[in-house]
Amino acid sequence: MQDPDATPLLDRAYLAQQTFDDAALARELLDLFAGQCRRLLPGIVDRSLADPERADLAHTLKGSALGIGALRIARLSAAIEDALRAGAAPGEGAEEALTEAVAATLAVVSPAS
């Protein structure tokens with residue numbers, strides 16, 4: 001697995017391209033993404049939930065992250081989703097790495113959080 005620290009938290013150039021350099025639209029998308037992270041992450045890391053449910057949550061977070069350029073969250077969510085869909089436990093420390101990536105990304109996109 002690639003070192004998560006080698007993957008950028010947020011590709012701002014990609015976000016600007018996706019939002020046509022509209023700062024207000026970018027802010028709105030980042031706020032929506034932050035809320036989605038807060039809603040989805042607890043389920044993804046909750047080992048008492050069924051693996052297919054956790055995989056679906058990871059898939060949703062991965063898609064949202066890709067949409068705004070939150071590359072580290074996308075990569076880590078994809079790895080967790082893939083493991084769960086294969087019927088395997090996510091790799092050692094995967095949930096913790098995702099939790100840390102979400103916290104670091106939210107610190108960047110929602111400094112007031």
Side-chain angles (χ1 to χ4, degrees):
M1 178 186 286
Q2 181 184 2
D3 176 9
D5 292 335
T7 305
L9 290 174
L10 184 64
D11 182 341
R12 291 189 182 278
Y14 179 80
L15 178 62
Q17 179 184 23
Q18 292 300 101
T19 59
F20 307 102
D21 287 318
D22 182 330
L25 177 58
R27 177 78 265 150
E28 184 177 349
L29 290 177
L30 290 172
D31 290 344
L32 289 169
F33 178 70
Q36 198 165 36
C37 285
R38 291 182 188 103
R39 284 189 309 278
L40 297 173
L41 183 63
I44 295 168
V45 300
D46 184 352
R47 294 180 183 175
S48 70
L49 291 180
D51 286 353
E53 184 177 351
R54 291 175 64 204
D56 288 347
L57 295 171
H59 177 81
T60 300
L61 185 56
K62 173 185 72 177
S64 296
L66 288 171
I68 65 154
L71 303 178
R72 195 176 307 178
I73 290 174
R75 187 178 60 73
L76 293 167
S77 295
I80 290 171
E81 177 191 7
D82 291 347
L84 292 169
R85 294 215 190 278
E92 179 73 28
E95 289 104 338
E96 293 82 5
L98 178 59
T99 299
E100 290 171 9
V102 166
T105 302
L106 292 183
V108 169
V109 303
S110 304
S113 295

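Every residue two or more places apart in sequence or in another chain was checked for a side chain to side chain donor-acceptor pair (under 3.5 Å) with T60, and none qualifies. Judged as a side chain to side chain donor-acceptor pair (under 3.5 Å), and not counting sequence neighbours, the contacts of D46 are S48. L71 is linked by a side chain to side chain contact (heavy atoms under 4.5 Å, CB included) to T7, P8, D11, counting only residues two or more places apart in sequence or in another chain. Residues passing the side chain to side chain contact (heavy atoms under 4.5 Å, CB included) test with A65 are F33, A70, I73, A74, sequence neighbours excluded. When the salt bridge (Lys or Arg N to Asp or Glu O under 4.0 Å) test is applied to R85, the partners found at least two apart in sequence or on another chain are D56, E81. Applying the salt bridge (Lys or Arg N to Asp or Glu O under 4.0 Å) criterion to D31, with sequence neighbours excluded, gives R27.
The minimum heavy-atom distance between L84 and P90, with the atom names listed, is CD2-CD, 3.9 Å. P42 and C37 make their closest contact through CD-O, 4.2 Å (heavy atoms, listed as atom of the first residue, atom of the second, distance). Nearest heavy atoms, A101 versus L9: O-CD2, 4.1 Å.
Between atom CZ of residue R12 and atom CG of residue L30 there is a gap of 7.0 Å, rounded to the nearest 0.5 Å. In this structure, the separation between CD on Q18 and CG on L66 is 10.5 Å, given to the nearest 0.5 Å. Distance check, rounded to the nearest 0.5 Å: NE2 of H59 to CD1 of I80 gives 14.5 Å. The distance from atom CG of L40 to atom OG of S77, rounded to the nearest 0.5 Å, is 8.5 Å. The CD atom of Q36 lies 10.0 Å from the CG atom of L57; values are rounded to the nearest 0.5 Å. Taking CG of L29 as the reference point, atom OG of S64 lies at 10.0 Å (rounded to 0.5 Å).
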Trace of the side chain to side chain contact (heavy atoms under 4.5 Å, CB included) decision for V45 with E96: CA-CA 8 Å; V45 300; E96 293 82 5; over 6 Å; no

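Placement of L10 and L25 within a single hydrophobic cluster is found when ILVMFWY residues are connected by side-chain heavy-atom separations under 4.5 Å, directly or transitively.
Ion pairing between a basic and an acidic side chain is recognised when a charged N comes within 4.0 Å of a carboxylate O; R54 and E95 show such pairing.
A side chain to side chain contact (heavy atoms under 4.5 Å, CB included) with I44 is found for exactly one of L76, L61, L49, namely L61.
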